Amino acid sequence: MKIKTISRSSDDYVPVKSTQESQMPRNLNPALHPFERAREYTKALTATKLERMFAKPFVGQLGYGHRDGCYVIAKNYNVLNRLASASADGVVKYWNISTREELCSFKAHYGLVTGLCVSPQHIGNQSDSYMLSCGDDKMVKMWSVDSGDFNNVKDDTKVLHPSDGNGLIKTFYGEHAFQGIDHHKENTSFVTGGAQIELWDINRRKPLSNLSWGIDNITAVKFNQNEADLLLSSGSDNSVVLYDLRTNSPTQKIVQTMKTNSMCWNPMEPFNFVTANEDQNAYYYDMRNMSRALHVFKDHVSAIMDVDISPTGEEIVTGSYDKTIRIFNIKHGHSREVYHTKRMQHVFQVKFTMDSKYIVSGSDDGNVRLWRSNAYERSNVKSTREKNKLEYDEKLKERFKYMPEIKRISRHRHVPKVIKKAQEIKRVELSSLKRRETNERRTRKDMEFVPERKKQIVGTVHRYEEAKKRSKDERDAMQESDAE
Amino acid sequence: MALKKVSKFPSDTKSISENVAKFHRNSSGSNYKKTKDKKLRAGLKRIDDQYKDAVATAAATDYLLPESQGYLEAEDEMEKTFKVSQAEIKQSVDVTTANKALDLKLNDFGPYQISYSKNGTHLLIAGRKGHIVSFDWRKGELRAELHLQETATAATYLQNEQYFAVAQKKYTFIYDHEGTELHRLKQHIEVKHMEYLPFHYLLATAGQTGFLKYQDVSTGQLVAEIRTKLGPTISMAQNPWNAVVHLGHSNGTVTLWAPNMSTPLVRLLSARGPVTSMAIDRTGYYMATTGADKSLKIWDIRNFKELHSVENLPTPGMNVRISDTGLLAVSRGPHVTLWKDSLKHGSSNRPYFTSSGLKNRNTPYMSHIFEGNKVNSIEFVPFEDLLGVGHQKGVTNLIIPGAGEANYDALEINPYETVKQRKEQEVRSLMNKLPADSIALDPNVIGTVDNRASHLRLTAKDLTEVTVQETNKSKTNSDIPQVNPDIKSKNSGLRTFLRKKTQNVIDERKLRVQKQLQREKEGRQRRLNITRGEIAEDDKDFVDEALGRFS
């Protein structure tokens, strides 16, 4: 007779000393884990509730803000915690984001500062970056980003002059008021908007060339950060123009139903860009075929003033005239998050920080606010156990996100009454338009169907369909001739 | 030699495929290939790949399990395992196991009902004459000893060994680890059977009254009380896989219950007399029942079909249990008999007492007799090769090699847990407490898509209709007894209803009942006045009618 029984030696399982960790043997046999799914669901529900409990998106404001509305913010792409902002009274401020303190503050222009950018490092004979600001006073000014250079600025109500020996490096004089400025990623040129779109070099006093196509005002310009010679501009004729500086000419122009306020290139997919439109939507375009948008981001109830794509290329943040900030996943048409505070007025600037963990916003009330891009995330040092727990919760939430209860809790946001009301009105408006269209379609069988992604487009200069057809014809002709 | 070692490694395809099957989660296989949406298909494929990967990884960890299952095997044809006596086993196993074969002689207060804590560290015994003992049986440390001086019919531990419930002569009580009375559950009257549902924190009781009652032991609420309408409950068991409670009745039916249903989920006829005992295996696949008609039946409760049926036990089986490894234990009178493989399909696995000279007969694996005694209750000790037996003269642990799950999961149930671990586990399990109304036959139904045709499901419109109906009920007073001025005041349904409700609670429904009662009274008075001839049959109080709209 062969006999064996389970005999666990308690020495193997019970810790001998108090400092010793106890054995935690695992057995993954499903029979030992009843109610697996139900328990996971309960955990996911708790995790979702905890997420909403910990959602505190607002970190604080930078320093004491501006004295007038903050209409321009420029990222420093080289340094993680630096940021420049400028306001309507001509004052430029340079910030340290990690301490939320002001590094320097000086009056740069008479009147409004309309454009600001920080150059990349090691450009030309400069080892460090510099700032470029432009304003309504027909001047572009080049500034140092070293706060030490501004030590003897006593009073930021007077415009700085080179004679003061301060951080002002150079001044460029233009023929018209400027609107929007951006620096080339790899060489010393920069581009300015306004009555004309002009290409400058920091070593020349006059613009190198005028890129204008048409006669309308250019309101914003944006260089591609990866394919450095590509440039986008938006004009007051509701157009978005794509330029290629290698040929020194514009290549494509689309006209939309309403004005584009701002653009941003996707840093991870350099051929895609997103535009912030006056018609309350943001549009995601592919520069290779701008006859339709890839995605339409809807949810705002007023014009979108600024848009920025996170450095990961996965999320976009929009700031709107309806006094809210919204965050969208780039693959989803509706926002996953809405931020607002009682005191925040019309939002004119939103930017992701370079680690994509925070969002900076500038608004009409003059404050520069710092937000978390993930409202419930905390940046403190975490123990391994805490980290594991958070990761596990994240996975659970992902797995059960379509369950009605979890969906309801995770989607719920408090929004101001005004916006709630406006959303309601907008919904009714849109649905009545849609109803009207379907009614019309019932009687007019030949009515053309316009997809949502093309509705905003009035026309493109370069016709993709025609070009496609032409190339196909040519190919066919070639084949025919070959056959002969 | 080296070759032999290699073959032991589970890289040989057969053992791996067997293993993988064990870890599959009954999913019917995703058919993402049929999905036309490209993005959705990619997403579904990713999920499917992750699942397959998880199963394969889990199966690979099987090799790392530290312990192996016990066994008792005959070495030649002539040897029979059921002939091996406990004394012989005790001699041939190691000392620690032999020491675990507890034998308590308690002649005065028996017969004893036994119950092990979920991790098997503690044993709770309840003598019929009110002797309750809770103790750490491995260390021999007494936790609590009570002499209730009234009948105790059942006892069970709650979420851990810190609390236990005892069904006494009239009420059920909850005691703490020292034996201090914490609660008297006055709604649980004349309870004969108790089951604790660990994941839902529910204590389910049944007994003489024929009611099945669920008490939430974390909030103290009575979650459900269900009238079985089948007389006193004879036996009770819980399905550990889906927390459905099985009740056995005197007419031979077994009914399956969930707290959110007033009717049984399933009703099946299992015996021609009272169902004396039931047991369900841990995967929730099989149920074994014994009846007073000397029958022993094994059911496949996935499709509610009979697997094996033994109609002619020498005497009626009184207790039946299924171990974690699938051993079937049946007690009848002084006998305890165990079968192996009796939960498998095929006629060769039908349990028999003797081979009758035939081959391919599933003869008992082990058996034991308590001479001049009677077995009252049996229970397998979790994670041990032991079967606890409570009988008239005390409590005995029988050594049953191969009965216990050898490898426990410390994050689930830990037999070696420290005090701190126990406390943390309690908090964690409370956080993950499942709602009582989620109990259903399929425990994994949550998070799945309702595949039924759309016309079979409740549409949103129907759903609102149902809710509206529910609210209308209170508007039309159809949820309370009707006004009936024809009957005597003391027979009024409204009065009875009011009496049943808790006296000091005034809620919306109670106010409605009082108002209806007032109307009933007035109606009765009016009838009286008519019979006395004080008012005419068609008399109308115009003042009252005019002012009626303000009431």
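Note that this is a predicted model, so its numbers are computed, not measured. Quick note: numbers below take in every heavy atom, side chains included, and nothing from hydrogens, waters or symmetry partners. To find a chain, count down the sequence lines: A is the first, B the second, and so on, and within it residues start at 1.
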Open item on the list: Is B:Ser438 close to chain A through its backbone or its side chain, or both, or neither, when contacts mean heavy atoms under 4.5 Å?
Closed with: neither
- [ ] Find out whether the Lys NZ or Arg CZ of B:Arg302 is both under 6.0 angstrom from the six-membered ring centre of B:Tyr286 and within 45° of the ring's axis.
- [x] yes
Task: Between CD on residue B:Glu88 and CD1 on residue A:Ile3, distance to nearest 0.5 Å - done: 9.5 Å
TODO: Tell me, for A:Ser7 versus chain B, whether the close heavy atoms (under 4.5 Å) come from the side chain, the backbone, both or neither.
DONE: both
- [ ] Kindly give the heavy-atom pair with the smallest separation between A:Ser356 and A:Ser310, and that separation in Å.
- [x] CB-CB, 4.0 Å
Open item on the list: So for B:Glu412, is it side chain, backbone, both, or neither that comes closer than 4.5 Å to the heavy atoms of chain A?
Closed with: side chain
Open item on the list: Rounded at 0.5 Å granularity, tell me how far NE2 in B:His200 sits from CG in B:Leu434.
Closed with: 4.5 Å
Open item on the list: Quick check for you: among B:Ser68, B:Pro415, B:Ala403, B:Gly284, which has the greatest number of heavy-atom pairs under 4.5 Å with chain A?
Closed with: B:Ser68
TODO: Could you tell me the separation between the OG atom of A:Ser9 and the CG atom of B:Asp94, rounded to the nearest 0.5 Å?
DONE: 10.0 Å
- [ ] Go through the atoms of B:Ile400 and report whether side chain, backbone, both or neither lie under 4.5 Å from a heavy atom of chain A.
- [x] neither
- [ ] Using a cut-off of under 4.5 Å on heavy-atom pairs, state which of A:Val14, A:Thr46, A:Thr5 scores highest against chain B.
- [x] A:Thr5
Open item on the list: Tell me if the aromatic rings of A:Tyr13 and B:Tyr416 count as close, with their centers under 6.0 Å from one another.
Closed with: yes
- [ ] Would you check if the side chain of A:Asn329 reaches a backbone N or O of A:Lys331 as a donor-acceptor pair within less than 3.5 Å?
- [x] yes
- [ ] Select all residues of residues 285-300 of chain A having any heavy atom within less than 4.5 Å of some heavy atom of chain B, and report them by number, or 'none'.
- [x] none
TODO: Identify which of A:Gln23, A:Arg39, A:Met24 forms the greatest number of heavy-atom pairs closer than 4.5 Å to chain B.
DONE: A:Arg39
Task: Region of B:Asn444 in contact with chain A, defined by heavy-atom distances below 4.5 Å - done: both
Task: Heavy-atom pair of closest approach, residues B:Ile446 and A:Ala38 - done: CG2-CA, 3.9 Å
Task: Interface moiety of B:Pro240 toward chain A, non-hydrogen atoms closer than 4.5 Å - done: backbone
TODO: Output the option from B:Gly404, B:Pro401, B:Ser92 having the highest count of non-hydrogen pairs under 4.5 Å with chain A.
DONE: B:Pro401
Task: Closest approach of B:Trp241 to A:Pro34 (non-hydrogen atoms, all atoms of both residues) - done: CZ3-CA, 3.6 Å
Task: Engaged part of B:Phe199 at the chain A interface, taking heavy atoms whose separation is under 4.5 Å - done: side chain
Task: Side-chain heavy atoms of A:Ile304 within contact of A:Arg326, under 4.5 Å - done: no
- [ ] With chain B as the partner chain, list the residues of residues 391-409 of chain A whose heavy atoms fall under 4.5 Å from it, by residue number, and write 'none' if nothing qualifies.
- [x] A:Lys395, A:Met403
